[in-house]
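All remarks here apply to the structure that follows.
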Amino acid sequence: MHSRHSDYDFKTIEARWQAYWEEHQTFRATEDIAKPKYWVLDMFPYPSAAGLHVGHIEGYTATDIIGRYKKACGFNVLHPMGWDAFGLPAEQNAIATGVHPSVNTQNNVDAFKKQMQRVGLGIDWSREVNTTDPKFYRWTQWIFLQLFKRGLACVSEQPVWWCSELGTVLANEEVIDGKSERGHFPVERRALRQWVLKITKYADKLLKGLDNLEWPEATKRQQQLWIGRSEGGLVTFKTSANCDLTVFTTRPDTLFGVTFIALAPEHPSVAMLTTEAQLEAVESYKREIASKSDLERTDLAKTKSGVFTGTYAVHPLTGAKIPIWVADYVLMHHGTGAVMGVPAHDARDFEFAQTYDLPVVRVIKGANNEPLPFCNKGTLTASEEFSGLSSDDAAKKILIALTAKGIGKTTVQYKIHDWLFSRQRYWGDPFPIVWVKKADYERLTACKNSPFSEFLPEEPVSYEEKGEIFCAVPLTSKHLPLTLPQVSSYKPGEGATAPLQNADPSWLQVRLNIRTGEIRPNDEGSKSVSNNDDWIEGTRETNTMPQWAGSCWYYLRYLSPNDVEKPVNADALKYWQTPDLYVGGAEHAVLHLLYARFWHLFLHDCGFVSTPEPFPKLFHPGIILGSDGNKMSKSLGNVVNPLDVADEYSADALRLYEMFMGPLEASKPWSTKNIEGVFRFLKKIWRLFVTVEGTLSERIGGERDSAALECLLNETVQKVTEDIENLRFNTAISQLMICLNGFQKGSHLSKTAAKTFLQLLAPFAPHIAEELWERCGEQSSIIDAGWPKADPSKCIRDELKIIIQVNGKLRDEICVSTDASKEDILERAKSAPRAVPFLAKGTIAKEIYVPGKLVNFVVKG
RNA sequence: GCCCGGAUGGCGGAACGGUAGACGCUGAGGACUUAAAAUCCUCUGAUCGUAAGAUCGUGCGGGUUCGAGUCCCGCUCCGGGCACCA
């Protein structure tokens, strides 16, 4: 690598100032209560083997600019960084190499850190956190136990997405189009015992909390849709079999239009409702559905299928006979798994009715004579005494009527499901749980003052296997962290067993002393010494938590990374509260950002944090694409490494370029050509200050600046400050360029003005700013010099340019003194040489004067 | 299908309802140099014109307004999200 300009030796300069910041601990944040705080947070990265590319640097540079700016403004700034280091790639590397994933993880962390330091990010590295560090995950486990204690963590045998290729269970949101999000492997449904967190209990709070957040509207909308609250009613239908059916509907107003009932194939009442004659058909239909993948089943393009059960329901208000069908378009996991079919007013029911020739009865009229299916609200018709009512009114009244009969109820449904919280993986947080037999659990709960009662829930969490019931015993704070055991193999076992099953039996099989809280391996030796009533036998939970666990609360740990008493120190929390700005990718709109809100809200309800929401202000940087316009990826060979760019053009040029490319939130392609432009800008700055001999340029002198130059500088202070506050870095840099171009045109420049320019430049290009600041004779870091204030009085001009339009088209312009009257200006405008011919084309019908800006004559004729 | 964004020169992008194209890149010409690089200066939306200048021009079609890239209505295309949620 060669430097592009011999006298601007950026390599030496950048290394020097990075060493300076480290030595002087420039970015060390302390709880200095005398100063206002500013906490700027990045979404912490997963340290992958590929390292960072220039796209990742974008967000970090943005937060660094904000951090440096706020620090100059006098804030006590916290800009921390950490590693979301549990995860699948490290585990797969371990499977391939046999080397413990922590080794690989540490190497990647070192590489990431080196890259970040090379671009000069002002980060307080003393607060670095790593989710795989037992000192960290001890508290992830502790928070899990708090959830467990309050009944928000439990197990259930449920159909889950199993990916045999990855050897693990995936959450709904990790499955995209029937393939795993990572790796795009096929997935299938399997019933397995899993941990779930009851996020549904927080659905309403998570929905309402969105209102007060300063977040991108699209992200809020995505969370709203994900939570998917819908108000409606439950309606119970009597049937000709000895079994009632309850359906959920958001449109009780369409009740008189019901012509069939449809059940999900998995609905528990299907068997009871199937008549002898239909048994064969229903059974074979269910078999057919079960053999289909979810991808096939949810394919919207296919025609809806179903089969008649042979049984009829009774309409609750008309008493009409309504056939009950089984249909695969009905989902078991929403509502009650049964729907009332109203083909006239629901597109899906309509399609189904068409396929099986079921009657369609119109009960809602719109304003015009709309064709069926008509799915909007309207006026009721053919609905007995409810005819003539509006949909909203009728929905209420019908539900009231049903409620009076004891067969209806208003209710709220959510689309969001409980959060599947266990994975069959090695490289994750171990659950601090031991499974014991029910009888032993009862001995434990009967034991007064048992240490194990610390996190014991009111209702036991249990599961049944081969007729035996097992209950979950939570470890105590004293047992934390429960560290990951060594395993003989990182691979999952056959039949979806977790890799931790490969741990030593002395870890897996334990004995708990319910009186002392002691835990020992359950081997022959311990049996002989502990053969009394206080000991119970147990088996450790071998699933691990998903990667999301650590990212749900990592930001809090930055406040007191070494606290051994609590996940977060109360004093530190009181001072820093929540991040003032959170910057990270829009791809986390509903996963990380929803889960973290859930945990934070939970911690708030427990009294551990004082705010209900973790991230009051959020910003998503756009994606930086490769120069070919595609997403950067190894396979396309369009990845740009920040280290290469920093070596060739300087870290300052890299930072400036990324911010100059366009609006921060926009996706934009990388261009090696365009970086030349900002690099030229840096070289111009260098030459303005430094001679070829390396001395301070004679142009930087003490003489007064011209009024025009003072005006330009003050405009620049004003514009750059506003733009930084609004994260519009592209236009801030453009203004700095305009300012420099102005400087270059003048013969000299006062030192004060030159230094002000450097202060404005410093957040964007900190290395060159520090270097030139020092060469101007300053002793300490430029960041401690404060932030310049614009002086509006310097920007007042004595002449104004007035635009002259005729019929809205620009025709001429005139210069007037600032105190000129409207009459004077109009008079002069009328005689403006280039406007006159257009004015002469007719008569002036109207004169519009925008003070200080323009005149527009409306000419008719 | 539904919900969000977006569309401006050769390119990345600027524009409180008020001079469209700031700033940068590219390209052309010039200066310096033995030469090149680097640097500096001029020009660079289209059409017509020697020029002054005129006309057109912000995805398409309408509208509101003295005036629309910007606001309203109806489309087209591109990007992202959700996707039988009853």
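Quick note on labels: first sequence line is chain A, next is B, and so on, each numbered from 1.
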- For every nucleotide of nucleotides 41-52 of chain B, 5' to 3': is a protein heavy atom under 4.0 Å from its base (B), only from its sugar-phosphate (S), or from neither (-)? ------------

- Considering only the C1' atoms, how many Å lie between B/rC73 and B/rA83, rounded to the nearest integer? 28 Å

- Are A/Arg811 and B/rG53 close enough that a side-chain N or O sits under 4.0 Å from OP1 or OP2? no

- Message: What I want to check is whether the side chains of A/Tyr849 and A/Asn856 have a donor and an acceptor closer together than 3.5 Å.
- Response: no

- Message: On the nucleotide B/rU26, are OP1 or OP2 found under 4.0 Å from the side-chain N or O atoms that A/Arg680 carries?
- Response: yes

- With under 30° as parallel and over 60° as perpendicular, where do the rings of A/His592 and A/His588 fit, or are they tilted in between? perpendicular

- Atom CD of A/Gln805 and atom C1' of B/rA20 are separated, to the nearest Å, by 12 Å

- Query: Quick one: on RNA chain B, does A/Tyr657 or A/Lys853 contact a more 5' nucleotide (nearest heavy atom)?
  - Reply: A/Tyr657

- Item | Euclidean distance for P, B/rU8 against B/rA22 (whole angstrom) | 16 Å

- Message: Regarding A/Ser671, tell me which of base, sugar-phosphate or nothing describes its non-hydrogen contacts under 4.0 Å with the strands shown.
- Response: nothing

- Message: So, under a plain 3.5 Å distance rule, would you say the side chain of A/Lys684 forms a donor-acceptor pair with the base of B/rU39?
- Response: no

- Ring centres under 6.0 angstrom apart (A/His315, A/Phe256): yes

- Note on the structure: The nucleotide from B/rA14, B/rG53, B/rA86 with an atom nearest the side chain of A/Arg834 is B/rG53

- To the nearest Å, give me how far apart NZ (A/Lys673) and P (B/rC25) are. 10 Å

- Establish, from distance only, whether the side-chain atoms of A/Thr236 and A/Asp244 form a donor-acceptor pair under 3.5 Å. no

- Item | Side-chain donor/acceptor of A/Asn674 to base of B/rC25, under 3.5 Å | no

- Item | Distance, rounded to the nearest Å, where A/Ile623 contributes CD1 and B/rG5 contributes C1' | 13 Å

- Which of the following nucleotides, B/rU19, B/rG13, B/rC23, is nearest to the side chain of A/Lys668? B/rG13

- Please determine, by modelled atom types, if A/Tyr329 and A/Glu351 share a side-chain donor-acceptor pair under 3.5 angstrom. no

- B/rG6 and B/rG12: how far apart are their C1' atoms, nearest whole angstrom? 16 Å

- Query: Under the rule syn = chi within 90° of 0, otherwise anti, which is B/rG24?
  - Reply: anti

- Task: Could you please spell out the steps behind the ring pair (Phe, Tyr, Trp, His ring centres under 6.0 Å) verdict for A/Trp670 and A/Tyr657?
- Result: CA-CA 9 Å; A/Trp670 183 264; A/Tyr657 174 57; 4.9 Å; yes

Do any N or O atoms of the protein come closer than 3.5 Å to N or O atoms of nucleotides 78-82 of chain B, and which pairs are they?
residue: B/rG81; atom: O2'; partner: A/Gln222; partner atom: OE1; Å: 3.2

- Under 4.0 Å between a side-chain N or O of A/Asn730 and OP1 or OP2 of B/rA14? yes

- Query: Is there a donor-acceptor contact under 3.5 Å from the side chain of A/Lys801 to the main chain of A/Glu813?
  - Reply: no

- Item | RNA chain B stem ranges, 3 or more consecutive Watson-Crick or G-U pairs under 3.5 angstrom | B:1-7 with B:76-82, B:10-12 with B:23-25, B:27-31 with B:39-43, B:45-48 with B:53-56, B:59-63 with B:71-75

- Message: Considering every strand and a 4.0 Å limit on heavy-atom distances, what is the contact class for A/Val850: base, sugar-phosphate, or nothing?
- Response: base

- A/Lys846 NZ to B/rU65 C1': how many Å, rounded? 9 Å

- Message: Please check: side-chain N/O of A/Asp346 versus main-chain N/O of A/Val342, any donor-acceptor pairing under 3.5 Å?
- Response: no

- Message: Centroid separation under 6.0 Å, is that true for the rings of A/Phe260 and A/Phe352?
- Response: yes

